[in-house]
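Notes follow the structure.
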Amino acid sequence: MTTMISNLPKDLIEEILSRISWKSMKAVRLTCKSWNNLSKSEMYIGKSTREGQSMMIAMMPHNLYLMSCVVDVDPSIEHKGQLSFLHNQVSISRVFHYEGLILCILKDVTRIVVLNPYLGQTRWIKLRFSHCQQRFDMFSYALGYEHKESCRSFKFLRFIDYFYKAPETKFFWYEIYDFDSGSWSTLDVTPHWFISCGSKGLSLKGNTYWCARERTPENGLRDHIICFDFTRERFGPLLPLPVNFTDHDYGSVTLSCVKEEKIAALFQHYASYDSEFEIWITTKIEAEMVTWSKFLRMDTEPKIVFPDTFFIDEEKKIFMDVGRDYDSDSDDYPEKCINIIGEAGYLKKLDLGVPAYQNHWPDVCSYVPSLVHIKKLARGKRIEQSSLEKHRFDQNMLRLAAIEKLMKKQNRYW
């Protein structure tokens, strides 16, 4: 008697699917309706990742690569394969993770693309204007959403803020793109904060958080965090970090997400000889309030050098960072590596297995699979901009053009 593929035991199907790369998942979903439904279930996503497993996406010039790190008795890295949804049609400059979605900033400065790697969905967004200084992207970006009935309404924020400049060259522009309407709008803001150009934000429950500081003439440290609320489309107050930089002589802070529910803050010293660091975790976090609890304090070698991203396991009291191996024998650029540290001290260093490309390190971000769909813009749905928005856009473009002309004349850059 022949068994139909759709009639195989569920446990066997789950085992088969767990061994299939995401690159081939689209073909698997076309096999039959039951396989398609199972691969898009929360239960399957939960089973497809092991306990203690942290997933990451590494960026190379034309594509993205999925990998995972398992922290157990014998920590290891597994390369899951290439995510081929872009089909080598673009060059990627930076990648950001936002609750299961990946925002790709391209070297083509006229557009960006948002991906759901698990579902294989994309959404291309055309940018209204571009601005680069000596080929450097000076914008900060964020992806978030507001809850509308039973679905998420996604929005894309980008901004540029030149604050540390002479009065005639100070400039800021905050704008937001609505996925539902396909329209851009300029935010009416008067910043009381300062976020460094190009800073990475951290996504949590639909909103985005950055390290920031008060907007004062003094060159101070980023001793606060600030939240952009995508529902209200505005920034909240500056929220205090748990550590006083001056008292502890810390010079850097890096943020990470803990189980999509909390924020972790890693504090480090700039001095090469000082390997002490602290990690704090939020006990409560909202757009306008935060409380913290200390998670881990270590003084261990080798020194953790300002990681791209990091992960923590609250139960096991383990810290894992993705950074650069300055102790390697490489003659060129240090290779990417993962350091694993526990309460007892340094545990292990793992080679990420992703080489530098043309003297550039691959960008690496954390990743959590998601079943959230990226809504396509319906034909003819795009809303015409209001006269007020056209006026704001024209005024900002004139101001930006005048500043660029002045800077070029003076042979200066921001």
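When a residue number appears, it is its place in the shown sequence, counting from 1. Bear in mind the structure is a predicted one, so any value in this text is a computation, not a measurement.
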Taking the side chain as every heavy atom from C-beta outward, state whether [X] and [Y] have any pair of such atoms under 4.5 Å apart.
{"X": "Phe154", "Y": "Asp180", "answer": "no"}
{"X": "Met320", "Y": "Ile341", "answer": "no"}
{"X": "Trp280", "Y": "Phe267", "answer": "yes"}
{"X": "Met56", "Y": "Ile338", "answer": "yes"}
{"X": "Glu260", "Y": "Val368", "answer": "yes"}
{"X": "Asn396", "Y": "Phe129", "answer": "no"}
{"X": "Ile263", "Y": "Val290", "answer": "no"}
{"X": "Leu127", "Y": "Arg158", "answer": "yes"}

Problem set entry | Salt bridge flag under 4.0 Å for residues Glu261 and Lys284 | no
Exercise. Can a salt bridge be assigned to the pair Lys205 and Glu99 using a cut-off of 4.0 Å between side-chain N and carboxylate O?
Worked result: no
To the nearest 0.5 Å, how far apart are [atom1] in [X] and [atom2] in [Y]?
{"X": "Trp124", "Y": "Lys376", "atom1": "CH2", "atom2": "NZ", "answer": "10.0 Å"}
{"X": "Phe159", "Y": "Phe172", "atom1": "CZ", "atom2": "CZ", "answer": "12.0 Å"}
{"X": "Ile279", "Y": "Ser256", "atom1": "CD1", "atom2": "OG", "answer": "9.0 Å"}
{"X": "Asp313", "Y": "Ile340", "atom1": "CG", "atom2": "CD1", "answer": "11.0 Å"}
{"X": "Tyr98", "Y": "Leu103", "atom1": "OH", "atom2": "CG", "answer": "5.5 Å"}
{"X": "Phe179", "Y": "Ser153", "atom1": "CZ", "atom2": "OG", "answer": "9.5 Å"}

Donor-acceptor side-chain pairing of [X] and [Y] below 3.5 angstrom:
{"X": "Thr208", "Y": "Ser203", "answer": "no"}
{"X": "Asp161", "Y": "Tyr174", "answer": "yes"}
{"X": "Glu389", "Y": "Thr186", "answer": "yes"}
{"X": "Gln121", "Y": "His373", "answer": "yes"}
{"X": "Ser183", "Y": "Asp178", "answer": "no"}

Testing the basics here: between [X] and [Y], what is the closest heavy-atom pair and its distance to 0.1 Å?
{"X": "Ala287", "Y": "Leu239", "result": "O-CD1, 3.9 Å"}
{"X": "Gln268", "Y": "Thr254", "result": "OE1-OG1, 4.2 Å"}
{"X": "Ile374", "Y": "Val114", "result": "CD1-O, 3.6 Å"}
{"X": "Pro117", "Y": "Gly100", "result": "CD-O, 3.8 Å"}
{"X": "Glu314", "Y": "Val258", "result": "OE2-CG1, 3.7 Å"}
{"X": "Lys200", "Y": "Val95", "result": "NZ-O, 3.7 Å"}

For [Y], is there any backbone N or O sitting under 3.5 Å from a side-chain donor or acceptor partner on [X]?
{"X": "Thr122", "Y": "Leu115", "result": "no"}
{"X": "Lys155", "Y": "Phe230", "result": "yes"}
{"X": "Arg215", "Y": "His192", "result": "no"}
{"X": "Ser140", "Y": "Ser199", "result": "yes"}
{"X": "Trp292", "Y": "Pro240", "result": "yes"}
{"X": "Asn116", "Y": "Leu371", "result": "no"}

For this session: Just say parallel, tilted or perpendicular for the rings of Phe319 and Phe310, cut-offs at 30° and 60°.
Result: tilted
Problem set entry | Evaluation steps, side-chain contact (heavy atoms from CB on, under 4.5 Å), between Tyr118 and Tyr367 | CA-CA 10 Å; Tyr118 183 74; Tyr367 178 65; 3.8 Å; yes
For this session: Given side chain to side chain donor-acceptor pair (under 3.5 Å), test Thr283 with Ser293 step by step and report yes or no.
Result: CA-CA 6 Å; Thr283 53; Ser293 175; over 6 Å; no
For this session: Go through Trp173 and Phe393 one step at a time and tell me if the ring pair (Phe, Tyr, Trp, His ring centres under 6.0 Å) criterion holds.
Result: CA-CA 9 Å; Trp173 190 349; Phe393 178 81; 5.7 Å; yes
Problem set entry | Partner of Glu146 under side-chain contact (heavy atoms from CB on, under 4.5 Å), chosen from Asn207, Thr231, Asp229 | Thr231
For this session: Decide yes or no on side-chain contact (heavy atoms from CB on, under 4.5 Å) for Leu106 and Val109, but give the supporting numbers first.
Result: CA-CA 6 Å; Leu106 309 178; Val109 296; over 6 Å; no
Would you say [atom1] of [X] has more than 12 non-hydrogen atoms from neighbouring residues, nucleotides or ligands within 6.0 angstrom?
{"X": "Glu214", "atom1": "CD", "value": "no"}
{"X": "His391", "atom1": "NE2", "value": "no"}
{"X": "Lys317", "atom1": "NZ", "value": "yes"}

For this session: Assess whether side-chain contact (heavy atoms from CB on, under 4.5 Å) is satisfied between Glu175 and Arg128, documenting all intermediate values.
Result: CA-CA 10 Å; Glu175 60 174 356; Arg128 294 199 293 178; 2.8 Å; yes
For this session: Please lay out, stage by stage, how Leu400 and Phe171 fare under the test side-chain contact (heavy atoms from CB on, under 4.5 Å).
Result: CA-CA 8 Å; Leu400 185 60; Phe171 178 77; 3.8 Å; yes
